[in-house]
Amino acid sequence: MSNHKDFEAEVLIQSPGRINLIGEHLDYNGGQVLPAAINLKVKLHFRKNNSSTCNCYSKNFDAHFQFDINKVEVSEQEWHNYFLGVVHFICQAYPGKIQGFDCVVESDLPIGSGVSSSAALECGVAKGLDTLFSIGLTDDEIITMARDAEHHYVGTKCGIMDQFAVVRGKKGKLIRLDCNDLSFQYVPADLGPYSIVLLNTNVSHNLATSEYNLRRQECENGLKSVQNKYPEQTILAQVPVDIIQELKSSLPPKTYNRLLYVVQENNRTITASDALQAGDLITFGQKLFESHDGLSNLYEVSCKELDFLVEVAKEFDGVIGARMMGGGFGGCTINLVHKDSEEAFIAACSEAYFKEFNIQLSPFTVAIGDGVKQAI
Ligand code: GLA
């Protein structure tokens, strides 16, 4: 491992980031989501080293760390935990299968920008170790182990959407996923003359993890209040809107807003997905704008930079839909932009954003790609 430049890999894994068209903060509430894997990815090179030492090197950070396979515990360095967490859960389920290995990782996914570089890394580590040591993990095991690593080692109590999309993504397809029972359907990403443009705000507010976990808690508490009167309601996303409205006066105002957002977003995602499948792109885009309103005003996971970019998009001819994407508090907006207007839109947003915040915007156009896979 002393010279990672000449590193000869036995196994190379490519693990993509993900986008989500609509259905935000619904995965941990048993709702509908519409994600896809993208063409930007993390590449992980692995080889066995016939010892009990594991070496991990990140090209992006130019940093290396080491641990013993028999002593896996949470680290204070966040990026270490993506490896440690996955190794921990594989060893727990399949003791003795993993031995010492070397891994070099490089990524063209922007970190902290809402395209789930973390799930890409976790699923990539799981897939790589599975392949290197012939463990025989199923896709479902990779998805849940990566999610458990995020919960218990990284500390975000995320849902299942990111890992699901990273593992099950398919070129040219969106995944219409029901997070209640994990049933899903591939939907052609037929966007006609529109491209998917991501605008990375290049801000990542440090509230992201604590507020994320707080939203999850608020939703769990809110559901309990609903169940006091309607015990048969066990899935928050499926509670009828009129029940939430009826309970308004008995709920703290913020809890009411969170619950209202969840049930409205779930309905919106169903309407939007149906519209997309029927070829009605205008309705589909409109639902993205509405989703942003809810995320910003009711769920309160947006920030001024994201709101600003969505406002610019709304005013721009050729943009049929835009909203913040992912956990929030920074990261990207996702925009559906007519191909003829793409360049002008990116230029206008970059200029306006810089003028307002003195921050350079990072725009990128994404294509929908395959899920995690072995390249060699
Ligand atoms: C993050 C989480 C996901 C999901 C989204 C919001 O990406 O990892 O599980 O909750 O936020 O939709």
Side-chain angles (χ1 to χ4, degrees), residues 16-24 26 32-41 109-110 113-116 161 165 169-177 185-201 265 267-296 302 306-326 331-353 361-370:
R18 66 98 190 90
I19 50 172
N20 183 28
L21 272 300
I22 190 163
E24 218 62 271
L26 290 189
Q32 309 279 325
V33 296
L34 195 61
I38 56 175
N39 55 336
L40 301 177
K41 27 181 116 56
L109 277 172
S113 63
V115 288
S116 211
M161 171 175 78
K170 222 181 219 176
K171 196 170 178 191
K173 308 278 188 208
L174 304 174
I175 309 174
R176 192 170 175 173
L177 168 65
Q185 191 194 342
Y186 289 111
V187 175
D190 251 334
L191 297 172
Y194 298 95
S195 307
I196 300 173
V197 176
L198 302 186
L199 299 176
N200 186 357
T201 58
E265 177 78 350
N267 291 336
R268 223 172 357 242
T269 302
I270 295 168
T271 311
S273 305
D274 288 346
L276 177 68
Q277 285 180 268
D280 179 358
L281 294 171
I282 299 300
T283 302
F284 182 65
Q286 188 53 37
K287 295 291 152 193
L288 267 65
F289 284 128
E290 290 172 21
S291 169
H292 185 80
D293 276 351
L295 285 159
S296 181
S302 187
L306 291 165
D307 289 344
F308 178 83
L309 288 174
V310 172
E311 280 313 309
V312 175
K314 250 186 209 159
E315 298 304 314
F316 204 90
D317 275 352
V319 178
I320 55 166
R323 60 178 200 84
M324 58 149 276
M325 189 181 74
C332 290
T333 60
I334 180 168
N335 304 266
L336 300 181
V337 188
H338 196 286
K339 290 191 171 64
D340 297 343
S341 310
E342 213 177 300
E343 239 173 76
F345 174 64
I346 287 175
C349 289
S350 304
E351 196 190 323
Y353 188 71
L361 191 67
S362 302
F364 47 110
T365 304
V366 290
I368 295 181
D370 281 324

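Position 1 is the first residue of the sequence, and the numbers go up from there.
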**OP:** Classify the angle between the aromatic ring planes of Tyr353 and Phe308 as parallel (below 30°), tilted (30 to 60°) or perpendicular (above 60°).
**Re:** tilted
Original post:
Just wondering, are more than 12 heavy atoms of other shown residues or ligands nearer than 6.0 Å to CD in Gln185?
Top reply: yes
Subject >> Within 45° cone of Tyr186 ring axis and under 6.0 Å: Lys173 NZ or CZ >> reply: no
Original post:
Less than 4.5 Å apart, any side-chain heavy atom of Cys349 and any of Leu361?
Top reply: yes
**OP:** Assess whether side chain to side chain contact (heavy atoms under 4.5 Å, CB included) is satisfied between Asn335 and Met325, documenting all intermediate values.
**Re:** CA-CA 10 Å; Asn335 304 266; Met325 189 181 74; over 6 Å; no
Original post:
Are side-chain heavy atoms of Glu24 and Met161 found at a separation under 4.5 Å?
Top reply: yes
Subject >> Side-chain H-bond candidate by donor/acceptor type, Ser291 with Glu265, under 3.5 Å >> reply: yes
Subject >> Separation of Arg323 CZ from Leu309 CG (nearest 0.5 Å) >> reply: 14.0 Å
Original post:
Looking only at side chains, do His292 and Asp307 share a donor and an acceptor under 3.5 Å apart?
Top reply: yes
Subject >> Distance in Å, Leu199 CG paired with Ile334 CD1, rounded so as to fall on 0.5 Å steps >> reply: 10.0 Å
Subject >> Whether Asn200 side chain and Pro363 backbone form a donor-acceptor pair below 3.5 Å >> reply: no
Subject >> Among Leu276, Ile368, Val337, Ile320, the one residue meeting side-chain contact (heavy atoms from CB on, under 4.5 Å) with Leu191 >> reply: Leu276
Original post:
Sub-3.5 Å donor-acceptor pair from the side chain of Asn267 to the main-chain atoms of Ile270, do we have one?
Top reply: no
Subject >> Side chain to side chain, Leu198 and Val115, heavy atoms closer than 4.5 Å >> reply: yes
**OP:** Kindly compute the distance separating CD (Glu311) from CZ (Phe289), expressed to the nearest 0.5 Å.
**Re:** 9.0 Å
Original post:
Under a 4.5 Å cut-off applied to non-hydrogen side-chain atoms, are Leu281 and Tyr194 in contact?
Top reply: yes
**OP:** Please check if atom NZ in Lys314 has more than 12 non-hydrogen atoms from other residues, nucleotides or ligands closer than 6.0 Å.
**Re:** yes
Original post:
Side chains of Leu21 and Leu336: closer than 4.5 Å at any heavy-atom pair?
Top reply: yes
Original post:
Would you say Val366 and Asn39 make side-chain contact, with heavy atoms under 4.5 Å?
Top reply: yes
Original post:
If you round to the nearest 0.5 Å, how far is CG of Leu288 from CG of Asp293?
Top reply: 11.5 Å
**OP:** Grab the two heavy atoms, one from Pro16 and one from Ala37, that are nearest each other, plus how far apart they are.
**Re:** CG-CB, 3.7 Å
Subject >> OG1-CG distance between Thr269 and Leu177, expressed to the nearest 0.5 angstrom >> reply: 11.0 Å
Subject >> Check: Pro110 main-chain N/O paired with Ser113 side-chain donor or acceptor under 3.5 Å >> reply: yes
Subject >> Spacing of NZ belonging to Lys339 relative to OG belonging to Ser195, to within rounding of 0.5 Å >> reply: 4.0 Å
Original post:
Any idea which heavy atoms bring Gly114 and Arg18 closest together, and the distance?
Top reply: O-NH1, 2.8 Å
Original post:
What heavy-atom pair brings Ala322 and Val310 nearest, and what distance separates the two atoms?
Top reply: O-CG1, 3.9 Å
Original post:
Donor-acceptor pair, Thr201 side chain versus Gly331 backbone, under 3.5 Å?
Top reply: yes
Original post:
Do Glu342 and Thr365 have side-chain N/O donor and acceptor atoms under 3.5 Å apart?
Top reply: yes
**OP:** Show the numbers, then the answer: is there a salt bridge (Lys or Arg N to Asp or Glu O under 4.0 Å) between Lys287 and Asp280?
**Re:** CA-CA 11 Å; Lys287 295 291 152 193; Asp280 179 358; over 6 Å; no
Subject >> Cys332 and Phe364, any side-chain heavy atoms less than 4.5 Å apart >> reply: yes
Original post:
If we only count heavy atoms from C-beta on, is the Val33 to Ile175 side-chain gap below 4.5 Å?
Top reply: no
